Undergrad: 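First the structure, then my questions, so here it is.
Just so you know, these numbers use all the heavy atoms, side chains as well, and skip hydrogens, waters and symmetry mates. Owing to the predicted nature of the structure, the values given are computational and were not obtained by experimental measurement.
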Amino acid sequence: MFADLNQTNCSSCTCSAGNRIFRVSFMITLILAILLGNSVILAVFLGTKQLRTPQGYLKASLAVADLALGILVVPYSVYGEMTLLFTNSSSPQGASEVLTVGSWHPCYLVGPVFAGCTLVSISTIFLLTLERSIAILKPLHKESVITRRRTLLLILLSWVSSFFLAMSPIIFSNGGIVVEYNHCSRMCNYALAPASPSNVWQILLLFPAFDFSLLGGTLIINTLSLTTIHQYTRRRKLLSRADQENLSFSDIKAAKTIGTLTIAFTASFTPIAVFVVGDVLGYKWCTFSFFAFWILTSNSCCNVLIYSVCDQRFREGARQLYVTLRSWCCCRSSSR
């Protein structure tokens with residue numbers, strides 16, 4: 001069930017064996033980077049006692065969403081590309097029979113997982129921003145407002161609501177929208193079912209509307225927090241001792257880290273939002289769709305780099321994890 005947005009046969013420059021091998025190599029490298037990077041994030045934030053905080057749980061939730069892409073979404077794209085390569089097919093229909101399991105297509109699992117995990121990432125970044133803003137703007141109320149129980153409930157709500165929204169085009173379109181492997185993006189995407197009304201596509205505008213609402217709110221809250229930090233930095237010599245203790249250096253660094261996460265995710269998500277809106281309006285951007293979807297997917301391996309550069313506690317936890325693994329490996333080798 002491949003769906004090509006603007007062509008039934010790909011050109012030699014996009015469907016040549018060398019081009020497909022390059023794409024497969026890129027996808028496999030991305031899988032390894034996603035799995036390694038987010039496994040380190042989970043090990044550090046959940047394995048280090050001082051990092052098992054509300055902020056740490058939110059970052060772990062973000063890592064789980066990214067891991068799902070590396071475990072399920074990207075490997076299926078590799079399988080699709082390998083199928084096209086070994087069947088020597090230049091049309092979407094050529095691999096459709098191979099990728100369909102009976103009457104069920106795996107894209108009905110992979111597609112909503114990709115959409116749901118993307119929405120989870122956006123909502124989690126929003127919660128991280130909200131948590132840091134409370135710590136910056138209301139430091140005296142931080143401990144009473146931001147509790148572990150509330151954080152875990154918000155994480156659960158984020159996952160449930162995100163996947164409900166991801167499934168809504170299939171549920172509420174009355175069969176007008178299906179999930180197919182897109183021959184342009186090389187991913188499982190929502191597509192218009194045959195003989196369905198053209199206005200059914202409009203339901204997909206829920207995604208960019210929801211995403212940009214949360215991202216817009218996130219950017220506004222980040223701006224308020226960073227403005228407060230800037231004002232504090234200018235006035236810190238005049239602040240009382242108690243005020244200096246309330247607004248800690250770790251809170252300031254964490255707010256800047258979340259700001260960097262927000263900017264990175266917004267930059268990677270914007271192309272796909274533009275593509276969805278353009279597709280609903282009738283524009284067919286095959287090449288652009290490939291870059292849009294894979295730029296967003298590549299963001300899943302970037303968070304570990306941001307934490308490594310901006311978060312000193314994460315670096316210390318990663319260093320401790322490395323020392324522990326090295327000692328364990330040495331003990332195993334010496335016991336032999």
Side-chain angles (χ1 to χ4, degrees), residues 38 41-66 117 119-162 210-211 213-233 235-236 239-266 303-304 306-318:
N38 289 285
I41 291 175
L42 286 176
V44 171
F45 282 111
L46 298 182
T48 306
K49 185 176 181 180
Q50 58 268 30
L51 294 180
R52 288 200 291 266
T53 61
Q55 180 187 157
Y57 291 132
L58 288 169
K59 290 179 177 178
S61 175
L62 186 60
V64 171
D66 290 335
C117 288
L119 296 173
V120 168
S121 298
I122 294 174
S123 57
T124 302
I125 291 175
F126 174 78
L127 293 175
L128 279 166
T129 302
L130 196 61
E131 185 265 344
R132 280 300 88 193
S133 68
I134 294 173
I136 295 297
L137 301 176
K138 299 290 183 181
L140 294 177
H141 301 86
K142 179 178 66 173
E143 299 296 333
S144 60
V145 175
I146 306 171
T147 63
R148 180 178 301 180
R149 181 179 180 181
R150 289 176 180 172
T151 302
L152 293 176
L153 286 175
L154 286 173
I155 290 173
L156 178 61
L157 178 63
S158 168
W159 279 83
V160 172
S161 59
S162 294
F210 174 83
D211 298 338
S213 296
L214 278 187
L215 286 175
T218 301
L219 291 172
I220 292 172
I221 296 173
N222 268 314
T223 301
L224 291 175
S225 299
L226 295 176
T227 300
T228 302
I229 292 173
H230 179 68
Q231 293 174 350
Y232 166 76
T233 303
R235 296 184 291 111
R236 61 185 176 183
L239 292 175
S240 65
R241 185 180 184 86
D243 287 333
Q244 291 186 25
E245 291 175 354
N246 289 333
L247 193 58
S248 66
F249 178 76
S250 61
D251 288 335
I252 294 175
K253 291 293 293 182
K256 292 181 178 180
T257 302
I258 303 306
T260 306
L261 280 178
T262 303
I263 294 173
F265 188 87
T266 303
N303 291 344
V304 66
I306 295 174
Y307 298 149
S308 299
V309 173
C310 302
D311 193 336
Q312 183 179 357
R313 290 185 177 181
F314 178 82
R315 291 197 299 270
E316 293 174 353

Undergrad: Please round to the nearest 0.5 Å and tell me the distance separating atom CD of E316 and atom CZ of R313.
TA: 8.5 Å

Undergrad: Which pair of heavy atoms, one from G317 and one from T48, lies closest together, and at what distance?
TA: CA-OG1, 4.1 Å

Undergrad: Which pair of non-hydrogen atoms, one from T151 and one from P54, has the smallest distance, and what is that distance?
TA: OG1-CB, 3.2 Å

Undergrad: For L42, enumerate each residue passing the side chain to side chain contact (heavy atoms under 4.5 Å, CB included) test, keeping only those at least two apart in sequence or located in another chain.
TA: L46, A60, A63, V64, L67

Undergrad: Can you list every pair that meets salt bridge (charged side-chain N to carboxylate O under 4.0 Å, His left out) and has a residue in residues 50-64, with sequence neighbours left out?
TA: K59-D311

Undergrad: Report the distance from atom OH of Y57 to atom CG of L51, rounding to the nearest 0.5 Å.
TA: 10.5 Å

Undergrad: Is the shortest side-chain heavy-atom distance between T124 and I155 below 4.5 Å?
TA: no

Undergrad: For the OG1 atom of T266 and the CG atom of L261, what is their distance to the nearest 0.5 Å?
TA: 10.0 Å

Undergrad: Can you run down the salt bridge (charged side-chain N to carboxylate O under 4.0 Å, His left out) pairs that involve residues 215-231, sequence neighbours left out, and say none if there aren't any?
TA: none

Undergrad: Could you give all pairs that pass the salt bridge (charged side-chain N to carboxylate O under 4.0 Å, His left out) test and reach residues 147-158, with sequence neighbours left out?
TA: none

Undergrad: Can you list everything that forms a side-chain hydrogen bond (donor to acceptor under 3.5 Å, both in side chains) with S123? Sequence neighbours excluded, please.
TA: S158

Undergrad: For T227, enumerate each residue passing the side chain to side chain contact (heavy atoms under 4.5 Å, CB included) test, keeping only those at least two apart in sequence or located in another chain.
TA: T223, Q231

Undergrad: Please list, chain by chain and in numerical order, all residues satisfying ring-ring contact (aromatic ring centres under 6.0 Å, His included) with F314, sequence neighbours excluded.
TA: F45, Y307

Undergrad: Run D211 and L119 through side chain to side chain contact (heavy atoms under 4.5 Å, CB included) and show every step you take.
TA: CA-CA 7 Å; D211 298 338; L119 296 173; 2.8 Å; yes

Undergrad: The criterion is side chain to side chain contact (heavy atoms under 4.5 Å, CB included); which residues satisfy it with T129, sequence neighbours excluded?
TA: I125, T218, I221, N222, I258, T262

Undergrad: Under the side chain to side chain contact (heavy atoms under 4.5 Å, CB included) test, which residues partner S121, sequence neighbours left out?
TA: L62, A65, D66, F265

Undergrad: As an exercise, state the distance from OG of S61 to CG of L128, rounded to the nearest 0.5 Å.
TA: 8.5 Å

Undergrad: Any chance you could measure S225, atom OG, to L130, atom CG, to the nearest 0.5 Å?
TA: 9.0 Å

Undergrad: Supply the atom-to-atom distance L219 CG to F126 CZ, rounded to the nearest 0.5 angstrom.
TA: 11.0 Å

